[in-house]
Amino acid sequence: MTWQIAIDLDLCQGHGVCESEAPELFEVTRDRKVVALVAQPPDEQRRAAEQAVKYCPTRALKIIDQEVTP
């Protein structure tokens with residue numbers, strides 16, 4: 001199973017909580033929108049991503065799990 005982070009830019013207000021929780025995964029741009037630095041992060045960064053999703057004040061982030069087919 002793989003996973004990725006989805007960002008709803010309509011909800012994002014650039015608070016930067018995601019960047020503070022997972023600076024290796026997120027960056028807030030000058031126009032106060034978040035960008036994902038890694039399209040499909042490795043499993044060892046999952047916990048940091050979950051914390052960013054949990055504490056996002058506008059609920060602009062979510063984790064999408066995907067089945068890997070052989």
Side-chain angles (χ1 to χ4, degrees):
M1 179 159 310
T2 64
W3 60 282
Q4 67 182 34
I5 300 164
I7 304 169
D8 186 333
L9 293 176
D10 290 329
L11 292 177
C12 180
Q13 295 179 0
H15 294 283
V17 175
C18 56
E19 186 175 29
S20 66
E21 290 292 333
E24 66 281 354
L25 297 177
F26 301 100
E27 181 178 343
V28 178
T29 64
R30 290 182 188 200
D31 64 348
R32 301 187 49 92
K33 294 293 180 183
V34 68
V35 294
L37 299 175
V38 182
Q40 289 185 315
D43 288 337
E44 56 268 7
Q45 292 180 330
R46 175 80 183 228
R47 175 101 171 103
E50 288 171 345
Q51 293 298 101
V53 169
K54 179 179 180 178
Y55 293 114
C56 177
T58 62
R59 303 291 180 233
L61 305 174
K62 68 179 175 180
I63 293 175
I64 300 172
D65 291 307
Q66 300 170 332
E67 296 269 342
V68 176
T69 55

NZ of K62: more than 12 outside heavy atoms within 6.0 angstrom?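 Open.
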Residues sharing L11's hydrophobic cluster, by side-chain heavy-atom contacts under 4.5 Å among ILVMFWY, directly or via others? none
To the nearest 0.5 angstrom, please state how far the CD atom of Q40 sits from the CD1 atom of I64. 10.5 Å
Interatomic distance, S20 atom OG to F26 atom CZ [nearest 0.5 angstrom]: 10.5 Å
Over all atoms of both residues, closest heavy-atom pair of [X] and [Y]:
X: G16; Y: V28; value: CA-CG2, 3.6 Å
X: L61; Y: I7; value: CD2-CG1, 3.6 Å
X: A39; Y: Q4; value: O-CB, 3.5 Å
X: E21; Y: A48; value: O-CB, 4.1 Å

Quick note, salt bridge (Lys or Arg N to Asp or Glu O under 4.0 Å) partners involving residues 40-61, not counting sequence neighbours, are R46-E50, R46-D65
Which of these passes side chain to side chain contact (heavy atoms under 4.5 Å, CB included) with I5: L37, L25, V38? L25
Given side chains that start at C-beta, do those of E27 and E19 come closer than 4.5 Å, heavy atoms only?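 SC-SC contact between E27 and E19 confirmed.
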